[in-house]
Amino acid sequence: MATTSQLKEIHNDRRFLSLLAHDFPTISSVTTEIINLEAILNLPKPTEHFLADLHGEHEAFEHVLRNASGNIKRKVNDLFGNTLRSQELKDLCTLIYYPEEKLELVRAQEEHLEDYYQTTLNRLVAVCRNVSSKYTRSKVRKSLPEEFAYIIEELLHETSDGHNKQDYFNRIIATIIETGRAENFICALCYLIQRLAIDQLHILGDVFDRGPGAHLILEKLCSYHRIDIQWGNHDILWMGAAAGNLACIASVLRVSLRYGNTRTLEDGYGINMVRLATFAMETYGEDSCEAFLPKFEGTDNRPSERQQRLIAQMHKAISIIQFKLEGQLYGRNPWWNMDDRGLLQHLDLERGVVSLYGKEYPLKDTLFPTLDSAHPFELTAEEKEVMKQLRHSFLINERFQKHINCMLTRGSMYGVFNSNLLFHASMPLNEDGTLKEVNICGQMLKGRELMDRIEQMVRTAFDSQAEAMERQQAIDFFWYLWCGPNSPLFDKARMTTFERYFIADKETHKEAKGHYYTLRVQEAVCDAIFDEFEVKGEHRHIINGHVPVHVSQGETPIKAGGRLMVIDGGFSKAYHSTTGIAGYTLVYHSRGFQLVQHEPFESMKKAIEEGTDIRSTIQIVEMMGRREMVADTDKGRELKAQIVDLKKLLLAYRKGVIKERKGN
């Protein structure tokens, strides 16, 4: 029986309900949808994976996605651990991870291919049925490859155990083999298993730099079924380059050359560095460039000495250009309060010293052939030409711009998902743990308002309709986000790049961290940040990356009584020796949180040929008192709201406020 208030409510909502009626024109269609949504609410919560600081390590990243952080291996062991030998289990897992490559090996080694296909198809169907059990048939159907959708759906929802349909099931498998489609079908099942094992992927920043394959990671991310990205400081540097910020372009090249890794630039995006190389050889040909020799941390693939020398010359050339360009930015944006970082104006090359914060330090290198002491931030004509050509290469590169557009459309400064607050690095705080106000274009902002305004400026930099001065200010701002003292992506007193190259005194190399990095271990500080971002729920978490967790030194990634997790375990090979591990994956499934600690990944080649896997250790972070269902998630709250609206529509139909539309 409808109450007077309910009838008044549906009359007030009549316009909205009339629009809803276009999708659900009859009582029958409304009730069917309500039943469907109520059922979905009672499915187990789908699995989310969180990764941070991939730093171009595409093979390790790809493998973690393919094996779902070891989850697929665990499911295979659960299903077949008592019936298959260890090698058979390993082979089945390798097939699921790398189907085409594994099948190529099988064809060369297996004498009875038809028997192999039949056995393998039956096993894959069992695995696929297991990983799809959390989802509705409708959701699984949307994930199916179009070519085999009908057949896979039949196999997933029929079993070879049932007497009535045993022949039917077996005949499907036999026909797939007889028609020569077994390998295609095996590949389709393997990729479906991979897709269903991870419902949503969260990337907490720093896809770029260090490793050789950021472009390959982004190619994967741009086509991934459900993903969100929280921008990291290295990402923002490359985004600044894509927007045309010259200092960002120079720094992208500088970092790449510093680590002797230009594969993303050259092989991935085809950035033309010939003009820079020519300029560097002509300008620094007689310079030893000792401080600029590339570092090859975590790799044995070293170029020849001659190549290393050229890299060092290019490295020095682009570094000096960067120092000039950033000095121009500090002068153009006084509200940054970073004029003291324009260090070229404090050089005394005749005496070989630099004045730094009231003290003089001897320079390790005094060869600055392009520096005009009267105009220290002015580029020479040759340097201008180099940067003009490089800027053009970044702006017209279709693949690079496509990847950065993906970072924009799928990315943000922060995200809130199922009571988890995600951001890459920091939340600027005062010493007492309160939110710190930061000057953004004359506005003093903190907390959520600060993050929202920063994101708005990032997007303005790519908005061709924005007012020219506002857009230029936004393009400049990428540099502040990269190294500004109150940038949430950096949050250190200074970035001491110049000092590391030119000053021997290591005291000058220190980069004092903001208060967040020490205060985030306090539960009260985390709770205040949750409240600022309106993060609700009994189990709330902050999840960060950015600062590698030094496991080998006893550091733990779990802080503030479980309220905060730092999941940068060092995917980059350069960090393996200091962190002692090779990255983390945080997995959030229906029973709770697991932190998966990965050991170094040898290679994709070994994984395929020898079945080697990333050895992973699972650490239980938090287990829920009961199994979480879809009803407990953000999606569940959306579905509940939809059910409320549908019930109003149902009442409107039954009371004649809105008429059913049956037939045409």
Side-chain angles (χ1 to χ4, degrees), residues 36 39-40 42-44 46-47 65-68 71-84 88-107 110 112-199 225-226 589-590 630:
N36 177 47
I40 292 172
N42 289 281
L43 285 170
T47 302
L65 280 196
R66 287 173 182 262
N67 78 357
N71 193 39
I72 289 174
K73 183 177 182 180
R74 288 189 290 276
K75 289 185 180 296
V76 168
N77 285 333
D78 289 343
L79 287 168
F80 304 112
N82 295 325
T83 57
L84 298 182
E88 290 175 311
L89 292 169
K90 186 184 289 187
D91 288 342
L92 180 57
C93 287
T94 303
L95 175 68
I96 294 172
Y97 308 157
Y98 303 100
E100 288 98 343
E101 295 85 351
K102 182 64 177 176
L103 285 171
E104 187 177 342
L105 293 177
V106 168
R107 281 197 303 273
E110 184 63 53
H112 306 288
L113 275 175
E114 288 194 3
D115 292 343
Y116 171 82
Y117 292 148
Q118 182 166 356
T119 302
T120 300
L121 283 167
N122 276 283
R123 290 171 181 169
L124 289 175
V125 169
V127 177
C128 198
R129 188 179 294 128
N130 182 285
V131 297
S132 66
S133 61
K134 281 187 177 183
Y135 307 114
T136 62
R137 287 194 181 194
S138 173
K139 183 163 183 174
V140 173
R141 190 178 300 123
K142 291 172 184 175
S143 304
L144 298 177
E146 186 176 345
E147 184 180 7
F148 298 114
Y150 172 75
I151 302 171
I152 292 176
E153 191 168 10
E154 287 292 291
L155 291 173
L156 289 182
H157 300 109
E158 303 295 345
T159 71
S160 57
D161 301 330
H163 175 72
N164 291 333
K165 287 203 171 180
Q166 184 175 357
D167 290 342
Y168 172 74
F169 183 95
N170 292 338
R171 189 64 246 168
I172 292 176
I173 298 292
T175 305
I176 291 170
I177 297 169
E178 289 169 8
T179 55
R181 302 294 286 164
E183 293 199 3
N184 301 81
F185 200 80
I186 285 171
C187 291
L189 284 173
C190 290
Y191 287 122
L192 179 60
I193 291 166
Q194 291 181 27
R195 175 167 182 164
L196 294 175
I198 301 175
D199 183 63
H225 53 278
R226 286 191 68 197
H589 50 66
S590 60
V630 171

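All figures in this text were calculated on a predicted structure; none of them were measured in a lab. Just the heavy atoms: all of them, side chains too, but no hydrogens, waters or symmetry mates, feed the values below.
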Below 4.5 Å, heavy atoms only, C-beta onward: do [X] and [Y] meet side chain to side chain?
X      : Y      : answer
Pro99  : Leu189 : no
Val630 : Pro46  : yes
Leu103 : Leu95  : yes
Phe148 : Ile176 : no

Separation between [atom1] of [X] and [atom2] of [Y], rounded to the nearest 0.5 Å:
X      : Y      : atom1 : atom2 : answer
Leu156 : Arg137 : CG    : CZ    : 9.0 Å
Leu144 : Cys128 : CG    : SG    : 7.5 Å
Ile173 : Leu121 : CD1   : CG    : 5.0 Å
Leu155 : Tyr150 : CG    : OH    : 10.0 Å
Thr94  : Lys73  : OG1   : NZ    : 9.0 Å
Leu92  : Asn77  : CG    : CG    : 9.5 Å

Just jot down the side-chain contact (heavy atoms from CB on, under 4.5 Å) partners of [X], sequence neighbours excluded, or say none.
X      : result
Ser138 : Thr136, Arg141, Lys142
Pro44  : Lys134, Ser590, Arg627, Met629
Leu79  : Val127, Asn130
Asp78  : none

ring-ring contact (aromatic ring centres under 6.0 Å, His included) involving Tyr135 - partner list, sequence neighbours excluded: none

Can you give me the closest heavy-atom contact between His589 and Thr47, atom names plus distance?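 Where His589 meets Thr47 most closely, the heavy atoms are CB-OG1, 3.7 Å.
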
Enumerate the side-chain hydrogen bond (donor to acceptor under 3.5 Å, both in side chains) contacts for residues 185-199, please, sequence neighbours excluded, ordered by first and then second residue.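 Every pair satisfying side-chain hydrogen bond (donor to acceptor under 3.5 Å, both in side chains) with a residue in residues 185-199: Glu100-Tyr191, Lys139-Asp199, Asp199-Arg226.
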
Residue pairs meeting side-chain hydrogen bond (donor to acceptor under 3.5 Å, both in side chains), one or both in residues 171-180, sequence neighbours left out, come to Arg171-Thr175, Arg171-Glu178

Hey, mind stepping through Glu154 and Tyr168 against side-chain contact (heavy atoms from CB on, under 4.5 Å) and telling me if it holds? CA-CA 10 Å; Glu154 287 292 291; Tyr168 172 74; 2.3 Å; yes

Hey, could you give me each pair passing ring pair (Phe, Tyr, Trp, His ring centres under 6.0 Å) that has a residue in residues 112-134? Not counting sequence neighbours. none

Show the numbers, then the answer: is there a side-chain contact (heavy atoms from CB on, under 4.5 Å) between Tyr97 and Ile72? CA-CA 9 Å; Tyr97 308 157; Ile72 289 174; 4.1 Å; yes

Would you please test Val131 and Leu192 for side-chain contact (heavy atoms from CB on, under 4.5 Å) and show each step? CA-CA 9 Å; Val131 297; Leu192 179 60; over 6 Å; no

Residues at least two apart in sequence or cross-chain that pass salt bridge (charged side-chain N to carboxylate O under 4.0 Å, His left out) with Glu88, listed by chain then number, are Arg85

Going through the distances and angles, do Phe169 and Val125 end up as a side-chain contact (heavy atoms from CB on, under 4.5 Å)? CA-CA 11 Å; Phe169 183 95; Val125 169; 4.2 Å; yes

Is the backbone N or O of Leu196 less than 3.5 Å from a side-chain atom of His225, with the two atoms forming a donor-acceptor pair by type? no

Residues in side chain to side chain donor-acceptor pair (under 3.5 Å) with Thr120, at least two apart? none

